[in-house]
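Structure first, then comments.
Order of the sequence lines fixes the chain letters, A, B, ..., with proteins taken first and strands second; residue numbering starts at 1 for each chain.
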Amino acid sequence: MKRTHNNGQLKLENTNEIVTLKGWVSKKRDLGGLVFIDLRDRFGITQLAFHPESPLYQKTLKIKNEYVLEVTGKVIERSSKNKNIPTGDIEVEVTELIILNTSAQTPLIIQDKTDALEEVRLKYRYLDLRRPILQENFIIRHKASQAVREFLNEEGFLEIETPILTKSTPEGARDYLVPSRINGGEFYALPQSPQIFKQLLMISGFEKYYQIAKCFRDEDLRSDRQPEFTQIDIEVSFMDQDEILDVSERMIKSIMKKVKNVDLVDPFPRITYKQAMDKYGIDKPDTRFDMHLVDITDIAAKTAFTVFTSNIENGGIVKAINVKNGASLYSRKGIDKLTDYVKKFRAKGLAYLKLTNTLAGSIIKFLDEDLQKEIIERTKLEENDLLLIVSDKESVVNQSLGNLRNHIAKEQKLYNDDDYDFLWVIDWPMFEYKEEHGRYFSPHHPFTMVQEQDLHLLKEAPDKALAYCYDLVVQGQELGGGSIRIHQEEVQNQVFDILGISKEEQQQKFGFLLDALKYGTPPHGGIAFGFDRLIMLLVHTENIREVVAFPKTNSAQCLLTQAPSSVSEEQLKELSIKTIK
RNA sequence: GGUCCCGUGGUGUAGCGGUUAACAUGCCUGACUGUCACUCAGGAGAUCGCGAGUUCGAUUCUCGUCGGGACCGCCA
């Protein structure tokens, strides 16, 4: 029989209709003659009823959870309704029952609240994915990708695919390599992003490109990082930074409206990279709560505390965060825990002050009355507040206090998952000097254009030059980032020189791009959004595996398929590969 | 590359230098005609991840190993 309805569809108005349903047995309740079965598919659950006088009653005794059924019967109004499900007003009185398939006992319970650990869930992912709560994530993922396409198509963008087998570009993350059989000893790389190809498409004149693109990076995993992930990849010609931010912003708003029916502030606030670092210590600030970092270097320099003063003499800084009502929230032991937390970020310690009638704390003996007053004023310390202070190199102070700020906000639940604090971080520096490598690096990538007024700085003081570069941040997460690209060969050469990439290396790695720049390259720029992270935001999870159908574990393995796995000697030989170990 | 946490019936947990290895849920059997986390009664199900060491004796302590997770580094 053909299915007439899905299991989330039937309402009171269908009463007396004869319907055919198919699905899985979610739960059977046998009351001793009267049997109820909850039939589940991805649309919902419909209750089936069997009465003891029914000729089907004997057959129901065989039915167990996760059996696949086809039933036909009459829709009737329930005598006791269930308000918790959309079909709770009706049930189907079954007159025909076919067991389409049986099921072994499942290793995990197919319910929203499963008791299984992630390890079991990933091994039996196909069962895990039967759970309605997880199916909802992928329904939202689908809606979001459709919203992206609808918006960008409407705006005149073209969706164009770029290669998965491509060229290794060792700048940046480690590449996944694929051996070439036909060209023994040579390798393709899987793309870390379609960056170069989308720029080439601009040179080809496509003007507005997008792709929902798989990207690959062979780096260690985290709860928000998978070796393969998806980006909404966008590139446009003849638009300036403001125009790109505008179209991006409208796209995000359209997704949020279509998928979550949320209206966002218009326009998104913008702060500069420098402001973000000063105020939040981090380039992706969570702006749902305050607790800003306050620079107290000048006050600290006047104290007799040698930890502060010697650090400042060596060019270090001292910053503090004011934890409102923190004096009673954090005991000595609690502060010790916070100290351990900042030590992860190489801070050597965490000084603190509590204001309860009087000022007290680890460094109080180094503060005379005037200094106390200055600190209280500067940090707006009020009764029962806790001041946490880190003294170190600027990078360590910002990183440790910036993360501590997020950590405390999470502990104290200072924010709401439904607050979408979208924020543009703009005016990034062109270059970052890394002591340990003794050279400059690009915060984003080496194709980023320097801001017009700073062009001359490329020669004079590269580290002072700002880039046409922007990140979209929400809830303390980087959701996307992009830049205006360099479209002139000489500027690109100049940047490569500053980055210490030799002429030969430039030719070898990016020769084709440098060549292409010669042939009438239009001014262009673009942006890419982390699609998995967007879905995480929409479904309120911190675990990327909840929004990826078949994810890898922390050690980059698939527990379901056992990938990666060894291959036969024959296969290796064909690929001209010998393994060591 | 590093730090920390976890590994006990199908599943999730408790536990302890000597136990009949406990509880919940799932599973099986029986009872029950309006349940929806049905209820009630009974039952089966675990060489405590693997290896070595300490010990009279190890699931328990130590080391190693494998697997999972969180984080730092890394992720232009």
Side-chain angles (χ1 to χ4, degrees), chain A residues 26-39 45-54 57 61 64-66 76 78-85 87-88 91 93 104-124 127-128 169-175 192-193 195-196 215-227 229 340-347 399-400 403 407 428 430-432 434 436-437 439-448 467 469 478 481 483 495-496 499 501 509 530 542-543 545 552-555 557 559 562:
Chain A
S26 176
K27 189 81 195 173
K28 184 174 113 180
R29 290 177 295 278
D30 183 348
L31 274 65
L34 179 63
V35 177
F36 297 109
I37 288 174
D38 290 337
L39 195 67
I45 280 179
T46 300
Q47 176 166 286
L48 312 176
F50 299 83
H51 291 273
E53 56 275 18
S54 160
Y57 174 70
L61 299 179
K64 301 183 198 311
N65 284 350
E66 300 310 313
I76 56 169
R78 290 200 202 181
S79 51
S80 53
K81 298 188 171 53
N82 182 349
K83 290 192 190 77
N84 299 320
I85 57 172
T87 62
E91 65 192 7
E93 201 167 51
Q105 182 183 353
T106 54
L108 52 101
I109 300 168
I110 317 290
Q111 299 282 340
D112 283 353
K113 279 187 193 151
T114 185
D115 53 4
L117 250 34
E118 212 178 348
E119 197 174 343
V120 177
R121 291 177 47 204
L122 291 183
K123 185 170 175 194
Y124 300 96
L127 295 178
D128 192 33
T169 53
E171 183 84 8
R174 236 173 255 119
D175 283 318
Q192 297 181 22
S193 89
Q195 182 61 37
I196 292 177
C215 304
F216 306 84
R217 291 179 192 174
D218 187 5
E219 293 296 340
D220 287 356
L221 284 74
R222 283 286 192 288
S223 53
D224 62 350
R225 241 193 261 162
Q226 284 278 300
F229 58 98
D340 286 341
Y341 180 79
V342 294
K343 280 183 178 166
K344 287 200 300 194
F345 304 96
R346 282 162 299 145
Q399 204 196 351
S400 55
N403 281 292
H407 178 76
W428 289 63
M430 273 295 283
F431 305 102
E432 222 177 9
K434 286 197 183 170
E436 60 272 34
H437 294 93
R439 70 172 182 93
Y440 287 108
F441 283 81
S442 305
H444 278 68
H445 57 64
F447 315 112
T448 302
C469 186
E478 180 199 331
S483 61
V495 168
F496 280 147
L499 291 171
I501 303 174
K509 288 180 188 164
E542 290 187 0
N543 183 348
R545 287 172 237 111
K552 308 278 189 293
T553 65
N554 252 350
S555 50
Q557 291 173 324
L559 294 179
Q562 301 291 318

Distance-only, no hydrogens or angles: does the Gln47(A) side chain make a donor-acceptor pair with backbone N or O of Gly88(A) under 3.5 Å?
no
In the strands shown, is G7(B) matched to any nucleotide by a Watson-Crick or G-U wobble pair with both distances under 3.5 Å, and which?
C66(B)
Side-chain N,O (Gln557(A)) to OP1/OP2 (G69(B)) below 4.0 Å
no
Protein-nucleotides 40-45 of chain B N/O pairs closer than 3.5 Å?
none

Non-hydrogen side-chain atoms of Asp218(A) and Asp175(A) separated by less than 4.5 Å:
no
Roughly how far apart, to the nearest Å, are U55(B) and A22(B) at atom P?
31 Å
What's the gap between G49(B) and C40(B) when it is taken at their C1' atoms, as a whole Å value?
38 Å
Report each atom pair, protein N/O against N/O of nucleotides 2-10 of chain B, whose distance is under 3.5 angstrom.
none

Taking for each residue the nucleotide of RNA chain B with the nearest heavy atom, is it Asn543(A) or Glu219(A) whose nucleotide lies nearer the 5' end?
Asn543(A)
For Glu542(A), check salt bridge (charged side-chain N to carboxylate O under 4.0 Å, His left out) against everything at least two apart and list the hits.
Lys410(A)
Any-strand Watson-Crick or G-U partner of G42(B), both distances under 3.5 Å:
C28(B)
Would you call Glu219(A)-Arg225(A) a salt bridge at under 4.0 Å N-O?
no
Pair partner, A58(B) [Watson-Crick or wobble, under 3.5 Å]:
none
So what does Lys28(A) hit on the nucleic acid, given a heavy-atom distance under 4.0 Å: a base, only sugar-phosphate, or nothing?
nothing
Do the side chains of Lys123(A) and Asp128(A) get close enough for a salt bridge, i.e. N-O under 4.0 angstrom?
no
Determine whether Met430(A) and Tyr440(A) make a side-chain contact, defined as any pair of heavy atoms from C-beta on separated by less than 4.5 Å.
no
Counting side-chain heavy atoms from CB outward, which of U11(B), G68(B), C72(B) is closest to Val120(A)?
U11(B)
Would you say the base of G69(B) and the side-chain of Arg545(A) have a donor-acceptor pair closer than 3.5 Å?
no
OH (Tyr124(A)) with more than 12 external heavy atoms under 6.0 Å
no
Is the shortest side-chain heavy-atom distance between Ser26(A) and Gln111(A) below 4.5 Å?
yes
With rounding to whole Å, what would you report as the distance between A46(B) and A52(B) at their C1' atoms?
23 Å
Does Lys27(A) put a side-chain nitrogen or oxygen below 4.0 Å from OP1 or OP2 of G26(B)?
yes
Heavy atoms under 4.0 Å, any strand shown: does Thr553(A) hit a base, just sugar-phosphate, or nothing?
sugar-phosphate
Opposite nucleotide pairing with U13(B), Watson-Crick or G-U, both atom distances under 3.5 Å
A22(B)
Hunt down the Watson-Crick or G-U wobble partner of C74(B), both distances under 3.5 Å, from any strand shown, or write none.
none
Check whether any side-chain nitrogen or oxygen of Ser555(A) sits under 4.0 Å from OP1 or OP2 of G68(B), and answer yes or no.
yes
Would you measure the distance from the C1' atom in U19(B) across to the matching atom in U8(B) and give it in whole Å?
14 Å
So, is Arg29(A) close to the C38(B) phosphate, meaning a side-chain N or O under 4.0 Å from OP1 or OP2?
yes
Using the P atom in both, what is the distance from C28(B) to A21(B), to the nearest Å?
25 Å
Classify Leu559(A) by what it touches in the nucleic acid, base, sugar-phosphate, or nothing, heavy-atom distance under 4.0 Å.
sugar-phosphate
When the C1' atoms of U59(B) and U3(B) are compared, how many Å lie between them, rounded to an integer?
27 Å
In whole Å, measure the gap between the P atoms of U39(B) and U25(B) for me.
8 Å
Looking only at atom C1', what distance separates G45(B) and U11(B), rounded to whole Å?
13 Å
